[in-house]
Amino acid sequence: MTTIAAALAGIRADIASNVAAAGRGEDAVTLVAVSKTKPVEAVRGAIAAGQRVFGENRVQEAIAKFEPLRAEGTEIELHLIGPLQTNKVAEAVRSFEVIETLDRPRLAEAVARELAKGQGRLRHVLIEINTGEEEQKAGVLPGDADFFIRDCIDRLRLPVLGLMCIPPQGEEPALHFALLRETARRNGLRILSMGMSADYPIAIRQGATHIRLGTAIFGARPA
Ligand SMILES: *Cc1c(COP(=O)(O)O)cnc(C)c1O
């Protein structure tokens, strides 16, 4: 077994035991393999081990890495997990099945306009919530979340299915995951993308439906 295949096998077993311990259904949690900065060979290793859902934080890097794999006929579900500039919206809608980082009206309007053209891979979007209210971090502030979610769904008719967050470094993540879960529940949204390599067991206990793991699968990234 390759290193990546072994890591994936270990993670899948660990996810299954955490899901069971939380009393949740077997398929309750989807693993998003975060391959940012990693070469296409690493992605191929994960695909060979059965992984099909991937996360990338840059539009160009994702296209360069994944379009050749798609051209070979491999079925991939690609998630954008990094900040999106409005001038990259057309490419993002064309190339990603899911955008997890919708976080401002201008961007939401641009995505809605692009989706209205009826082309591209995009199936749904998640709204990123800045649960820690960190100045340097992207995401909608918790106090603005309900209004922004309603605006995206009711006015822009965007397919918003859930929420995403990245808790602040060094804080208890469970509180942030609980805030995300509560915001989603209040707004009738079913997808919760939360939990990374360091905290995914906690996220699974708090109701995560998608966990985004990079380091645990592919090893450390250059600083
Ligand atoms: C890089 C990244 C991850 C993966 O982080 P790891 O700690 O390597 O698992 C998850 N989510 C987002 C938004 C990221 O940018």
Side-chain angles (χ1 to χ4, degrees), residues 3-4 6-15 18 29-40 42-43 45-46 49 51-63 65-66 76-85 88 92 95-104 107 124-140 145 161-174 176-177 179-181 183-184 191-223:
T3 316
I4 290 171
L8 272 170
I11 291 160
R12 286 186 189 126
D14 194 51
I15 292 171
N18 278 286
V29 177
T30 299
L31 172 61
V32 180
V34 177
S35 49
K36 64 184 182 193
T37 79
K38 297 296 176 183
V40 70
V43 174
Q51 182 66 29
R52 291 292 178 275
V53 185
F54 290 88
E56 286 278 343
N57 66 338
R58 290 171 190 273
V59 175
Q60 305 302 339
E61 180 185 341
I63 292 172
K65 226 182 278 182
F66 283 90
I76 303 261
E77 180 181 308
L78 197 53
H79 291 224
L80 180 65
I81 60 168
L84 178 58
Q85 296 168 288
K88 298 253 173 69
S95 307
F96 290 84
E97 277 75 15
V98 180
I99 294 174
E100 296 203 9
T101 49
L102 208 68
D103 66 351
R104 55 194 193 279
L107 180 62
H124 63 260
V125 299
L126 308 183
I127 290 174
E128 181 175 358
I129 309 292
N130 185 355
T131 58
E133 308 194 25
E134 294 173 280
E135 228 157 71
Q136 79 287 4
K137 213 172 250 176
V140 182
L161 295 194
L163 306 177
M164 178 271 221
C165 78
I166 310 167
Q169 289 278 337
E171 276 187 36
E172 173 51 63
H176 296 272
F177 297 152
L179 173 59
L180 199 72
R181 186 188 62 223
T183 307
I191 294 181
L192 287 173
S193 175
M194 56 191 201
M196 313 194 341
S197 294
D199 56 16
Y200 72 86
I202 301 168
I204 291 173
R205 279 200 292 282
Q206 293 293 333
T209 63
H210 290 67
I211 55 175
R212 310 177 308 268
L213 309 193
T215 311
I217 300 171
F218 297 110
R221 289 177 297 274

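Note that ligands are numbered from 1 as they come in the structure, with each ligand's atoms numbered from 1 the same way.
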| request: Determine, using heavy atoms of Glu100 and all atoms of ligand 1, whether some pair is separated by less than 4.0 Å. | output: no
| query | Going by heavy atoms, is Asn57 under 4.0 Å from ligand 1? | reply | no
With a cut-off of 4.0 Å, which atoms of ligand 1 are near a heavy atom of [X]?
X: Arg221; result: 1 (C), 5 (O), 6 (P), 8 (O)
X: Ile166; result: 13 (C)
X: Met164; result: 13 (C)
X: Leu213; result: 9 (O)

If we only count heavy atoms from C-beta on, is the [X] to [Y] side-chain gap below 4.5 Å?
X: Pro222; Y: Thr37; value: yes
X: Lys65; Y: Phe54; value: no
X: Lys38; Y: Val43; value: no

| message | Quick check on Gln136: does its CD atom have over 12 non-hydrogen neighbours (other residues, nucleotides or ligands) under 6.0 Å away? | response | yes
| Residue Arg104 excluded, over 12 heavy atoms near CZ under 6.0 Å | yes
Looking only at protein heavy atoms, which one is nearest to [atom], and how far off is it?
atom: atom 12 (C) of ligand 1; value: Ile81 CD1, 3.5 Å
atom: atom 10 (C) of ligand 1; value: Met196 SD, 3.3 Å
atom: atom 9 (O) of ligand 1; value: Ser197 OG, 2.5 Å
atom: atom 8 (O) of ligand 1; value: Thr215 OG1, 2.5 Å
atom: atom 14 (C) of ligand 1; value: Lys36 NZ, 3.0 Å
atom: atom 11 (N) of ligand 1; value: Arg212 NE, 2.8 Å

| Do side-chain atoms of Gln206 reach the backbone of Leu180 as a donor and acceptor pair under 3.5 angstrom? | no
| query | Does any N or O in the side chain of Glu128 come within less than 3.5 Å of the main-chain N or O of Met164, such that one atom is a donor and the other an acceptor? | reply | no
| said: Would Gly214 count as being in polar contact with ligand 1, using the rule that some N or O on each side must be under 3.5 angstrom apart? | reply: yes
| request: Verify whether one side chain among Asn18 and Tyr200 offers a donor that lies under 3.5 Å from an acceptor in the other. | output: no
| Member of Pro167, Pro168, Cys165 meeting the side-chain contact (heavy atoms from CB on, under 4.5 Å) criterion with Pro173 | Pro167
